[in-house]
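Everything below concerns the one structure shown next.
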Amino acid sequence: MAESSPIEWTDATWNPVAGCSIASSGCTNCYAMRMAARLEAMGVAKYDGLTRKSGGRAKWTGAVRCDEASLSIPHRWRNPRKVFVNSMSDLFHPEVPIAFIKRVWDVMAETPRHDYQLLTKRPDRMREVLSEDAFRVLPNVWVGTSVEGPEVVGRIDHLRATPAAVRFISFEPLIGPIQDVSLKGIAWAIVGGESGPGARAMQEEWVWEIERLCRRFDTAFFFKQWGEVNKKVSGRLLGGRTYDEMPAYISV
Ligand code: SF4
């Protein structure tokens with residue numbers, strides 16, 4: 001779970017934490033929840049007991065596991081890469097101790113050749129933790145939050161108030177319109193529809209609204225995918241072209 005990633009906007013995933021719990025409606029079809037159940041069934045101890053079966057589907061138990069052994073992984077990657085931190089959890093989940101977040105932070109400080117992408121659905125805690133003196137701003141750490149619909153746009157204010165070199169928003173899975181929000185101070189926006197079983201459709205107008213916001217606030221715009229049930233068929237063209245913009249700052 002730590003090597004190259006098929007996710008369009010990163011190169012690799014690194015999971016020093018495993019396990020999570022539902023934070024909002026964007027979590028309903030959480031890929032990590034399904035994947036954790038599969039890994040447990042394959043006998044991977046790191047995912048043992050993190051999910052249970054309910055109504056024939058895997059559900060998080062709420063248990064969160066900090067994986068000491070994975071802390072050394074980025075040191076072993078010689079070539080610079082963009083690293084998505086915790087694709088199988090949320091680093092700012094309330095059960096992750098601040099002392100462990102600090103150890104993750106230290107690894108990122110010790111490996112400046114990599115750019116790290118931290119994405120959370122709990123930007124209020126991220127803001128609180130990263131405002132502490134022990135967490136100096138690192139130029140190679142991008143911090144982001146997920147905004148799947150209008151009921152969670154308040155996350156953007158917490159993100160904007162988080163000390164960081166680069167701030168970004170993942171509008172994925174986009175399940176509702178985002179209108180009249182400020183992207184001031186936000187360097188990068190990713191937009192994507194939901195994929196996999198039970199996927200909720202994304203309307204094209206919602207995507208264009210975010211694209212217009214990006215132009216207005218000088219935010220790089222990355223269109224990841226239409227999603228729905230089969231993402232390979234629905235593709236990632238928007239208006240006949242791809243949008244793969246990245247933040248202005250990039251060291252990789
Ligand atoms: S915060 Fe992320 S990992 Fe946790 S349940 Fe939601 S989508 Fe899944």
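When a ligand or atom number is given, it counts from 1 through the structure's own listing order.
Counting heavy atoms under 4.0 Å from ligand 1, residue S24 does not touch it at all. Of all the heavy atoms of S146, none lies under 4.0 Å from any atom of ligand 1, so neither backbone nor side chain is involved. In M33, neither the side chain nor the backbone holds a heavy atom less than 4.0 Å from any atom of ligand 1. With a heavy-atom cut-off of 4.0 Å, Y31 does not touch ligand 1 at all.
Residue contact annotation: C20 places an N/O/S atom under 2.8 Å from atom 4 (Fe) of ligand 1. Taking 2.8 Å as the criterion, C27 does not count as a coordinating residue of atom 8 (Fe) of ligand 1, since none of its N, O or S atoms falls below it.
Among protein heavy atoms, atom 8 (Fe) of ligand 1 sits closest to C30 SG, 2.4 Å. Considering only non-hydrogen protein atoms, atom 2 (Fe) of ligand 1 sits nearest to K121 NZ, 4.1 Å.
Here the CD-CD distance, from E211 to E205, works out to 10.5 Å after rounding to the nearest 0.5 Å. Here the CG-CH2 distance, from L50 to W60, works out to 6.5 Å after rounding to the nearest 0.5 Å.
More than 12 non-hydrogen atoms from other residues, nucleotides or ligands lie less than 6.0 angstrom from CZ of R212.
Taking the ring axis of F217 as reference, the NZ or CZ atom of R215 does not stay both within 45° of it and closer than 6.0 Å to the ring centre.
L237 places a side-chain heavy atom less than 4.5 Å from the side chain of T242.
Remark: ligand 1 atoms within the under-4.0 Å shell around heavy atoms of S89 are 3 (S). Set against the non-hydrogen atoms of W60, the atoms of ligand 1 under 4.0 Å away are 5 (S), 8 (Fe).
Taking the ring centroids of F84 and W9, they lie under the 6.0 Å cut-off.
At least one heavy atom of R122 sits closer than 4.0 Å to an atom of ligand 1.
For R122 and D90, the salt-bridge test passes: some basic side-chain N is under 4.0 Å from an acidic carboxylate O.
Side-chain contact of S87 with Y31: a donor-acceptor pair under 3.5 Å is absent, judged by distance alone.
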